[in-house]
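Order of the sequence lines fixes the chain letters, A, B, ..., with proteins taken first and strands second; residue numbering starts at 1 for each chain.
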Amino acid sequence: MEAFVPFKSPRGIRDLLPDQQPLWRHVEDVAKETARRFGYQRIDTPVFEQAGLFVRGVGQGTDIVEKEMYVFKDRGDEELALRPEGTAPVCRAYLEHGMASLPQPVRLYYLSPIFRYERPQAGRYRQHHQFGVEAVGDGDAAVDAEIIELGWRFTQALGLRDLTLVLNSIGDKACRPAYLDSLREHYRTRLADVCTDCRMRYERNILRVLDCKRTDSKCQEVAESAPRISERLCDACRAHWRQLVSFIEALGIPYRVNHRLVRGLDYYTRTVFEIQPPDEGSQSTILAGGRYDGLIEELGGRPTPGIGFGTGIERLVANLERQGKETDVAAARPDALVAYMGAAAKEHAIKLASELRQQGLSVLLAPPGKSLKGQLRHADALHARAVLILGEDELTSGTVSVKDLATGEQQRVERGEVGGALLRSN
RNA sequence: GUGAGCGUGGCCAAGCGGUUAAGGCGCCAGACUGUGGCUCUGGAGAUCGAGGGUUCGAAUCCCUUCGCUCACCCCA
């Protein structure tokens, strides 16, 4: 017989307790409001999709697909996957619902859970939540600027300080292949100087050697001396990039160009960007995104440009807490607790609580078997504003004793007047 | 997947080989019978993550395992 082990939440997956709700609601409210101002509409896609959507969209060789997806078969033997990122499902919905026939670009946002089978760590969980924004159907740099501005305004509205916007362009089908060749050429003769991870990246995804952070080998040196993609962009990509930078400057958003910024998902083209907090955490990136002009086509649609970003609520909240952000939202307090004495009063108490709730008040019934003193203590512990007392005296006179817990004042009120009295004192 | 640190009641936390495992918070109750918050008193609640070993004796030492945390990889 196995010893009984109490259940726990799965590894890397946590509860969001009542204490933390106000700050979370605040972040979500700011997200919704920012999206509204920019004309983005909410979309909710399912928590799971056909696994193939991500294999196709995100890329066969990516870590997300290769080792981080929660995949399972349903009873009909369909291969499904818990959503490991937000963009591919939105693009799937764009195609599935014929959004190509809507005015372009289609501006969408979502707030949804994301699942990745990773080793949990500070700011990283197997289930996390993203606020994501996508503009599909317009390849103009003005849309890049709009998306980036949306992300920037969002973080500013939350009150996050000292953030850095980092920009780069990684080219497109026209210019990237040649660049990758020159990058490979640069590394070919220097593989011995570089870490084992970089040697692996050299084989698997050469672009990623650029964002190696190791300092115990010559990776930094080799990466710095590598050819820069910004100098190898084709005319179209270069023009796009120049426009984007001028728009960002016109908007007065501070930014830094990092020619070594690349992103891990296969679908990115041209613009990639991140917003990073000041402290040098390892997974500190708070918001990240880019353009994905080939994705819709990859998913079976007509060639359609798109751009978007995702931002992790857990990381936003962590940064807000680190900044000492107060949860200014008052914790939910019951308006009243109904205390009663004796079996006869209990039924009246239940009815009274019910009536008051129907008037819109937040009302709790005292727990059974407690003395009046105990019931008052209970009310105090729950931060109730008032206690309504029903005892023999009140029953015979058809009244209720209303005690205000802040002032300690108590008065008899006609049974029918209680709701009004409470509403007035709120 | 790799490496390191840590696992004592709901939470925080002493103890570091030797009688019934401190304390604080929280919870429950009492302090003259229908009255809170302060104070005082009392109470419930721990097989010291689990399994094995060393020892006369282990929460304390060793091994294994699970979990948590942090870092790497990668990512929000």
**Q.** Under 4.0 Å protein heavy-atom contact, by nucleotide of nucleotides 1-7 of chain B - B base, S sugar-phosphate only
**A.** BBB----

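- The closest donor-acceptor contact from the side chain of Glu79(A) to the backbone of Val71(A) lies at 3.5 Å or more, if one exists at all.
- Of the N and O atoms on the side chains of Tyr70(A) and Gln127(A), not one donor lies less than 3.5 Å from an acceptor on the other residue.
- Residue pairs meeting the salt bridge (charged side-chain N to carboxylate O under 4.0 Å, His left out) criterion with at least one partner in residues 186-196 of chain A, sequence neighbours excluded, are Glu185(A)-Arg188(A).
- Counting any heavy atom pair closer than 4.0 Å across all strands shown, Ala366(A) reaches no nucleic acid atom.
- In this structure, the CG atom of Asn319(A) is 11 Å from the C1' atom of A76(B), given to the nearest Å.
- Considering only side-chain atoms of Leu376(A), the nucleotide from G34(B), G36(B), C73(B) that sits closest is G36(B).
- The residue Arg116(A) sits close to a base: some heavy atom pair falls under 4.0 Å.
- Both geometric conditions, a ring-centre gap below 5.5 Å and a plane tilt below 30°, are fulfilled for His128(A) over the base of A76(B).
- Between Lys373(A) atom NZ and G34(B) atom C1' the separation is 11 Å, expressed in whole Å.
- Taking the side chain of Arg315(A) as heavy atoms from C-beta on, and the options G34(B), G36(B), A76(B), the nearest nucleotide is A76(B).
- Tested against Gln410(A) for a side chain to side chain contact (heavy atoms under 4.5 Å, CB included), the candidates Ile389(A), Val402(A), Leu405(A), Val387(A) yield a single pass: Ile389(A).
- Comparing Leu265(A) and Asp197(A) by the nucleotide of RNA chain B whose heavy atom lies nearest to each, the residue mapping closer to the 5' end is Asp197(A).
- Judged by distance alone, the side chains of Asp144(A) and His240(A) do bring a donor and an acceptor atom under 3.5 Å apart.
- Note on Leu316(A): nothing from the nucleic acid sits closer than 4.0 angstrom, heavy atoms only.
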**Q.** Base-pairing string, 5' to 3', of RNA chain B - Watson-Crick or wobble, under 3.5 Å, | interstrand
**A.** ((((((((.[[[..)..(....]]].(((((.......))))).....[[[[[..)....]]]]])))))))....

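- Between Glu298(A) and Arg56(A) there is a salt bridge, since at least one side-chain N of the basic residue sits less than 4.0 Å from a carboxylate O of the acidic one.
- Aromatic pair Phe72(A)/Phe48(A): centroids less than 6.0 angstrom apart.
- Taken to the nearest 0.5 Å, the CG atom of Asp29(A) stands 8.0 Å off from the NE2 atom of His26(A).
- Contacts of Gln276(A) with the nucleic acid, taken as non-hydrogen atoms under 4.0 Å apart, are absent.
- For Pro120(A), taking side-chain heavy atoms from C-beta onward, the closest of the listed nucleotides U69(B), U35(B), G36(B) is U69(B).
- Candidate nucleotides G34(B), A76(B), C70(B) were compared by shortest atom distance to the side chain of Gln130(A), and A76(B) ranks first.
- Between the P atom of C75(B) and the CG atom of Leu287(A) lies a distance of 15 Å, rounded to the nearest Å.
- Comparing U35(B), G37(B), C75(B) by their nearest atom to the side chain of Gln410(A) picks out U35(B).
- Within 4.0 Å (heavy atoms only), Lys8(A) reaches sugar-phosphate atoms of the nucleic acid but no base atom.
- Across the protein-nucleic acid pair, Asp211(A) atom CG and C72(B) atom P stand 13 Å apart, rounded to whole Å.
- Among C73(B), U35(B), A76(B), the nucleotide with an atom closest to any side-chain atom of Tyr125(A) is A76(B).
- Not a single donor-acceptor pair, N or O on each side, falls under 3.5 Å between the base of U35(B) and the side chain of Gln375(A).
- Glu66(A) has its CD atom 13 Å from the C1' atom of C73(B), to the nearest Å.
- Here the nucleotide nearest the side chain of Arg201(A), chosen from C75(B), C74(B), A29(B), is C74(B).
- The residue among Ser401(A) and Ala288(A) whose nearest nucleotide of RNA chain B lies closer to the 5′ end is Ser401(A).
- A distance of 6.0 Å or more separates the ring centres of Tyr255(A) and Phe273(A).
- For the pair Arg126(A) and Tyr117(A), the cation-pi criterion (under 6.0 Å, within 45° of the ring axis) is fulfilled.
- Distances shorter than 4.0 Å separate some side-chain N or O of Gln121(A) from OP1 or OP2 on A71(B).
- Between Leu337(A) atom CG and G37(B) atom C1' the separation is 15 Å, expressed in whole Å.
- Residue contacts shown for Gly132(A) are absent, as no nucleic acid heavy atom lies under 4.0 Å away.
- Here the P atom of nucleotide A76(B) and the CD1 atom of Ile286(A) are 13 Å apart, to the nearest Å.
- No donor-acceptor contact under 3.5 Å links the side chain of Asp380(A) to the base of G37(B).
- Looking at heavy atoms from C-beta onward, Met99(A) lies out of side-chain contact with Val136(A) at the 4.5 angstrom threshold.
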